[in-house]
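Notes follow the structure.
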Number of protein chains: 2
Amino acid sequence: MAARAIYAPLVCTAALLLAVVVSPSAGLSLDTVREFLTREEDTIVFSLIERARYLLNRPAYDPIHLGAGPGRRLNASFAELFIRESEAVQSKAGRYQSLQEIPFFAYRVPFTLAPPYNFTRELYPAAVFVNVNDAIWSMYFNELLPLLAKNGDDGNYAVTVDSDLACLQVLSRRINYGRYVAEVKFRGDQQTYTSLIQAKDRDALMKLLTSEAQEDIVKRRVEKKATVFGQSITSDGPIETGVNNNSGTNFKVDPSVVYKLYDQWVIPLTKQVEVEYLLHRLD
Amino acid sequence: MAARAIYAPLVCTAALLLAVVVSPSAGLSLDTVREFLTREEDTIVFSLIERARYLLNRPAYDPIHLGAGPGRRLNASFAELFIRESEAVQSKAGRYQSLQEIPFFAYRVPFTLAPPYNFTRELYPAAVFVNVNDAIWSMYFNELLPLLAKNGDDGNYAVTVDSDLACLQVLSRRINYGRYVAEVKFRGDQQTYTSLIQAKDRDALMKLLTSEAQEDIVKRRVEKKATVFGQSITSDGPIETGVNNNSGTNFKVDPSVVYKLYDQWVIPLTKQVEVEYLLHRLD
């Protein structure tokens, strides 16, 4: 009976989570967290470079244009419909069993493609739900995408929006990883954090979580990654390594856009996640 | 009526293609073809680096393991089910209207997410069908994947196989682009090619299509891309640019594996596509 039970369809991950106790022996440390975040930078830069291959393809984001045909739902752009359906497949495949992955839309589908898997639970169950996916969605489509993609329409909407989904997924994973950052920092100084959380002192928490020197290192590093990964490479030509050329003309994605992404959105949103998570850390 | 007709569900792209005449004014040239193939190298290297982030996760590829639960189909691995369902969504979204994209599984789904789009038809309709997706599928899972991923199982199957799909899609697009390469070469020397095609002389065609010097440049370039894109970058540390270190220990994907991928599979399979396409170029 027990063996069968783990194959039963689970339609609500949250219910499962609340029943699981945070394991203090989990392999979460400031080092592993930093390593994860640093590696995510590469994935973010790759995904931006890939999106920049395609034209803006504006009709894919316009509910009026693509909602006009017979049998088509209104009030949702092609991009939204595509991402909803792609996420539904990934949900069926168990992607969102991992707490690192949070869908942009809610799904209540059984895991028909794979059995449930007992992922390590490193987060505090009552604070797991914290995420800023709505802000990421809005930032990506309204602010970042126009900086990435050249104007134009070649009809290649499925491939284009598939590359949007890749960007959204890694940005969501990276930014909402703030929950893990906050958990590690909380464990490292429970006394200080507990008093600030009990006082609901957002400003003091934000200050405690902020290290401008560290943030500056990250911003300069991602800008450098954009120059290195976005350069044109020949078999024997020189390799462009500088970050002084910020015109963006020689790179697949303007390095200053990647700097801006981290400066204005990734880092502030991550800290927002950290503060919200901490405010629920004693619930 | 005409305006409505383009919104009618199209269930068979092949039927549509046969009705379309190749446009001689299409922007296909040796330069645009080479530029496309060179840009695809970056996407291929990125996708391999991303797959190498995850463990091998062998159960995802084993039909016995994941097919054993109740309500689960047998005779198909998790990877196959996931890729089938993901491709079906992309097919609904019109991805395979573009001749550059060929699914690994056949779909007969209407384009419910987007209206049909009139992509440029640069290929000869009777030879469009040529592809080596079966060989790519087999090569990827049996030969390449064990060289990319570290042994281990962390249950992160959906994310892992999603990264397999990204590799498969770009390898398929790159290798089956041999149809475009062959079309350009045919147009550039119709007389020579026509006589070899009429004689069904595969060996002579293969010889005519082969430039070892050019292939060597490509192989060295992709190896170099693996060293540049797969290095660890710090904010102010030196950037590793050499291709001499082939141990692979400092890179996210062993550069010699990328060299081998092109040497043993990408280039030979592309030429196989070119020859098959040409053999149907006068049908």
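Values in this document were obtained by computation on a predicted structure and should not be read as measured data. Below, chains carry the letters A, B, ... as their sequence lines are ordered, and counting in each starts from 1.
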Legend entry - Heavy atoms of other groups near Q214(B) CD, more than 12 under 6.0 Å: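 More than 12 within 6.0 Å, yes.
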Legend entry - Which portion of K92(B) sits near chain A, non-hydrogen atoms under 4.5 angstrom: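 Answer is side chain: those atoms of K92(B) sit under 4.5 Å from chain A.
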Inset, instruction - Using a 4.5 Å cut-off on heavy atoms from C-beta on, say whether the side chain of N156(A) contacts that of F119(B). - result: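 Touching, per the 4.5 Å side-chain cut-off.
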Legend entry - R53(A) vs E40(B) side-chain heavy atoms within contact, under 4.5 Å: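 Yes. Closest side-chain heavy atoms under 4.5 Å.
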Work out which heavy atom in [X] is nearest to a heavy atom in [Y]; give both atom names and the distance.
{"X": "A93(B)", "Y": "A158(A)", "value": "O-CB, 3.6 Å"}
{"X": "T234(B)", "Y": "K224(A)", "value": "O-NZ, 3.2 Å"}
{"X": "D162(B)", "Y": "R95(A)", "value": "OD2-NH1, 3.6 Å"}
{"X": "Y117(A)", "Y": "D153(B)", "value": "OH-O, 3.7 Å"}

Legend entry - Part of F229(A) within contact of chain B (heavy atom distance under 4.5 Å):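 Both parts, backbone and side chain.
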Legend entry - Side chain, backbone, both or neither of Q169(A) within contact of chain B (heavy atoms, under 4.5 Å):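 The side chain, not the backbone.
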Legend entry - side-chain contact (heavy atoms from CB on, under 4.5 Å), paired with L113(A), selected from E85(B), E80(B), R84(B):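 Passing option: E85(B).
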For the candidates [options], which exhibits the highest count of non-hydrogen atom pairs separated by less than 4.5 Å from chain A?
{"options": "Q90(B), R39(B), E101(B), Q100(B)", "result": "R39(B)"}
{"options": "D42(B), D154(B), I217(B)", "result": "D154(B)"}
{"options": "N118(B), V159(B), T38(B)", "result": "V159(B)"}

Legend entry - Interatomic distance, I233(B) atom CD1 to R221(A) atom CZ [nearest 0.5 angstrom]: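 The CZ atom of R221(A) is 10.0 Å from CD1 of I233(B), to the nearest 0.5 Å.
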